[in-house]
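This report refers to the structure that appears directly beneath it.
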Amino acid sequence: MPRVSQRFDVLAAARYASPTNGDAMHRVDLEEIFGENLFGLHEMKSRLPKPQYQALLSTVRTGTELDPSVADAVAVAMKEWAMERGATHYTHWFQPLTGLTAEKHDSFLVPVGDGRAVTEFSGKELVRGEPDASSFPSGGLRATFEARGYTAWDPTSPAFLMEGPGGAYLCIPTAFASWTGEALDKKTPLLRSIHALDEQTRRALRLFGTPDKPVRATLGPEQEFFLIDEEFYYRRPDLMTSGRTLFGAKPPKGQEMEDHYFGSIPERVLEYMNEVELDLYKLGVPVKTRHNEVAPGQYEMAPIYEDANQAADHQQLMMSTLRRVARKYGLVCLMHEKPFFGVNGSGKHLNWSFGTEDANLLEPGDTPHDNMQFLFFSSAVLKAVTKHQDLLRASIAHAGNDHRLGANEAPPAIISAFVGDQLQDIFEQIEKAGEATSSKASGLLGLGVKSLPDLPKDAGDRNRTSPFAFTGNKWEFRALGSSQSVSFPATVLNTIVAESIDGLCDSLEKALDAGTPFDDALRTLLAQEIHGFKHIMFNGDNYTEEWVTEAERRGLLNLRNTMDALPYLVDDKNAAIFEKYGVLTKRELESRFEIYVEQYFNSVNIEGETAAGMARTMILPAANRYLSELLGTVAQAGALGVKVEGVAHTARELAELINELVSKLGELVAQNAELGGDSVLEKADHVRRNVIPAMVGVRSVVDRLEKVVPDDLWPIPSYREMLFVK
């Protein structure tokens, strides 16, 4: 039987030539290009009449209702600005419950009836659009025949220009709602939660005697991702359909040498990152860091803090830009949480804080034990995490993240909080004595070399194993998946902390009404609250089995997978908090539960069908070809009287693996065909209990076959090529 030639070219991938002149491309004035494709406040101020600009500024900064007459002035200025830069169309850019973004383009051109046309864009068109709502996930909020949906201009997030080889178009960030007014997107609940946090935090600040100023949540999401050569990506049906490799033997070298993390960025990757950054700078996205991550082929980029609403929009732009630009460099950007078995997966650490324009309310200062306002708001956060650990876990539950959470590369599925030695010590002092009299010092760190400066030393270490960690002046929610929108986890954080602050204010006001001095009332309250949330605090190693046992003893939940976690989303306690603060109605919340369950089912179902198809049409034929060669060799050798026991041994080993694969494959095919029930919940439970184990069974055989079948017969690129060709 003739040999089958390899279907991919490793050398071609390794010899990739850059399409750009790097030196010319990167000689840019960063200050000049930042925000050049953003219709932000600076641009508005230069183009709008002063009264209209001031009215819009008030809406952006304080949330006042926008005068409809302002929209007409903004629309004219926005159109002129966009067309000066080559735009021919505009779109209401929104974030449906797919977790991605959506857009429908409309031309600025309007025919006037005599063979000519003019360009127009009115305030009405700016404020409202009407995309079809029937084909987006709605979780029962809209039937298929109920098509009407509305997009509503969000003036707090600036419009921006998207450029490409085919021209440019204006993107207007919008909310997306049904004809009945129910939220069909991720932006609307986020904006509502920001408002709830603002209201309750202002109430607390008034008790502290702080001037009444708008309070905003801030986000700084860190984005991890893999890059592989597109030569390999398009030879892997599993990567194309599910975003992860369903088969693949672990290579002799993975990340054991720890030589990739923070190493020199490969030349092609660095050029790619430069272009990504330039595109994002033009859109006003403040990208700050870039580096190699732990696994080979894995990288990270992250922005600095921004207003939560803009940060969520910018995070979507970052993901789409990372994917789009990769193709120009012969690469594909993978954002699945676990694209490669046996090496680290990808997360998205969500740095979260809140404060006024002047002050971060989670800033401890030089003497945090004396900073009662900081301790109040820190206690509010910990109280919220304790009460709603289930809701936080559900907010990051999806099929991709199940592969990552609990592995020794990501936080476990148990929600706990790392507070650091300094804050832990202060809380312990308050609980025991009613007040704290000292803070663990930070000081300086000497390195024992005179020529090296003493370094400012933090009062405590960091903990990379914690799902929710205090990192100096913010909390880092480390359990998000790489592919995930940050909007819903941020919505949950804002809402539960708003509730917590509300409850603390009630207690304080009750004590004050009874005549207790403010400082005494506050110290007493904090001591009580610390006793209630201290069991959520854990500064140790979250990866150990000892912690799992200890967490169970403390009464913490261990929701190991998506289907364990999602039902908590619609728990009465959680539905009540969303309704109380006007973030999500019960119907809107239930719709999200149904959507997330359906997305889980669809994701696993696609993986199951893909795994079965690849095993049957690619892996099994390759193994049979090799077995045929071996049996032919044995037969020819026998005819000549030549002993080839080694070949016969390999043939027997291979035949056993083939038989095992056929058996395991039959089980997977049967489970794929069995949907498990009529409801989406029953189907999701079926794929969790039956399809996933069946896929694992098939994979175990396929990965062993990969180590037996000759390389030139193996039909898909191996981990060796995908992870190490840069």
> Do Asp154 and Lys187 sit within salt-bridge range, that is, some charged N less than 4.0 Å from a carboxylate O?
Replying inline: yes
> Can you tell me if Asn309 and Thr156 form a side-chain donor-acceptor pair at under 3.5 Å?
Replying inline: yes
Please tabulate, one pair per line, all N/O donor-acceptor pairs under 3.5 Å involving side-chain atoms of residues 160-174, not counting sequence neighbours.
unit_1	atom_1	unit_2	atom_2	d
Glu163	OE1	Asn37	ND2	3.0
Tyr169	OH	Glu103	OE2	2.8
Thr174	OG1	Trp93	O	3.3

>> Around atom CZ of Phe593, are there more than 12 heavy atoms from other residues, nucleotides or ligands closer than 6.0 Å?
In response: yes
> For the residue pair Phe136 and Phe94, does the interplanar ring angle fall in the parallel (under 30°), tilted (30 to 60°) or perpendicular (over 60°) class?
Replying inline: perpendicular
> Are Lys186 and Asp313 ion-paired here, with the side-chain N under 4.0 Å from a carboxylate O?
Replying inline: no
> So, Lys328 and Glu275, do they make that salt bridge, N to O below 4.0 Å?
Replying inline: yes
>> List the residues meeting side-chain contact (heavy atoms from CB on, under 4.5 Å) with Pro189, not counting sequence neighbours, and say none if there are none.
In response: Ala183, Asp185, Thr491, Val583, Leu584, Arg592
> For His398 and Gln599, what are the C-alpha separation, side-chain angles and deciding distance, and is it a side chain to side chain donor-acceptor pair (under 3.5 Å)?
Replying inline: CA-CA 8 Å; His398 56 98; Gln599 288 172 342; over 6 Å; no
> Using 4.0 Å as the upper bound for N to carboxylate O, is an ion pair formed by Asp307 and Arg61?
Replying inline: no
> Sub-3.5 Å donor-acceptor pair from the side chain of Arg327 to the main-chain atoms of Val332, do we have one?
Replying inline: no
> Which pair of heavy atoms, one from Asp238 and one from Leu246, lies closest together, and at what distance?
Replying inline: OD2-N, 2.8 Å
> Just by distance, do the side chain of Ser482 and the backbone of Met335 share a donor-acceptor pair under 3.5 Å?
Replying inline: yes
> Does Glu598 reach the main-chain N or O of Ile595 with its side chain, forming a donor-acceptor pair under 3.5 Å?
Replying inline: no
> Crowded around Arg85 CZ? As in, over 12 foreign heavy atoms under 6.0 Å?
Replying inline: yes
>> For Ile194 versus Ala308, what's the shortest heavy-atom pair and its separation?
In response: CD1-CB, 4.0 Å
> What class does the angle between the rings of Trp81 and Phe39 fall in, given that below 30° is parallel, 30 to 60° is tilted and above 60° is perpendicular?
Replying inline: tilted
>> Below 30° counts as parallel, above 60° as perpendicular, anything between as tilted: where do the rings of Phe477 and Phe468 land?
In response: perpendicular
> Taking only residues two or more places apart in sequence or in another chain, which ones pass salt bridge (charged side-chain N to carboxylate O under 4.0 Å, His left out) with Glu607?
Replying inline: Arg244
>> Is the distance from the ring center of Phe470 to that of Phe418 below 6.0 Å?
In response: no
> Should the pair Asp402-Arg560 be classified as a salt bridge under the 4.0 Å nitrogen-to-oxygen rule?
Replying inline: no
> Got a sec: does the CZ of Arg290 have more than 12 other heavy atoms crowding it under 6.0 Å?
Replying inline: yes
> Can you name the closest pair of heavy atoms from Glu130 and Lys104 and give their distance?
Replying inline: O-NZ, 3.5 Å
>> Are there over 12 heavy-atom neighbours, none belonging to Glu36, within less than 6.0 Å of that residue's CD?
In response: yes
> Taking the six-membered ring for Trp, are His291 and Tyr261 parallel (under 30°), tilted (30 to 60°) or perpendicular (over 60°)?
Replying inline: perpendicular
>> Under 3.5 Å, is there a donor on one side chain and an acceptor on the other for Ser346 and Gln298?
In response: yes
>> Quick check on His89: does its NE2 atom have over 12 non-hydrogen neighbours (other residues, nucleotides or ligands) under 6.0 Å away?
In response: yes
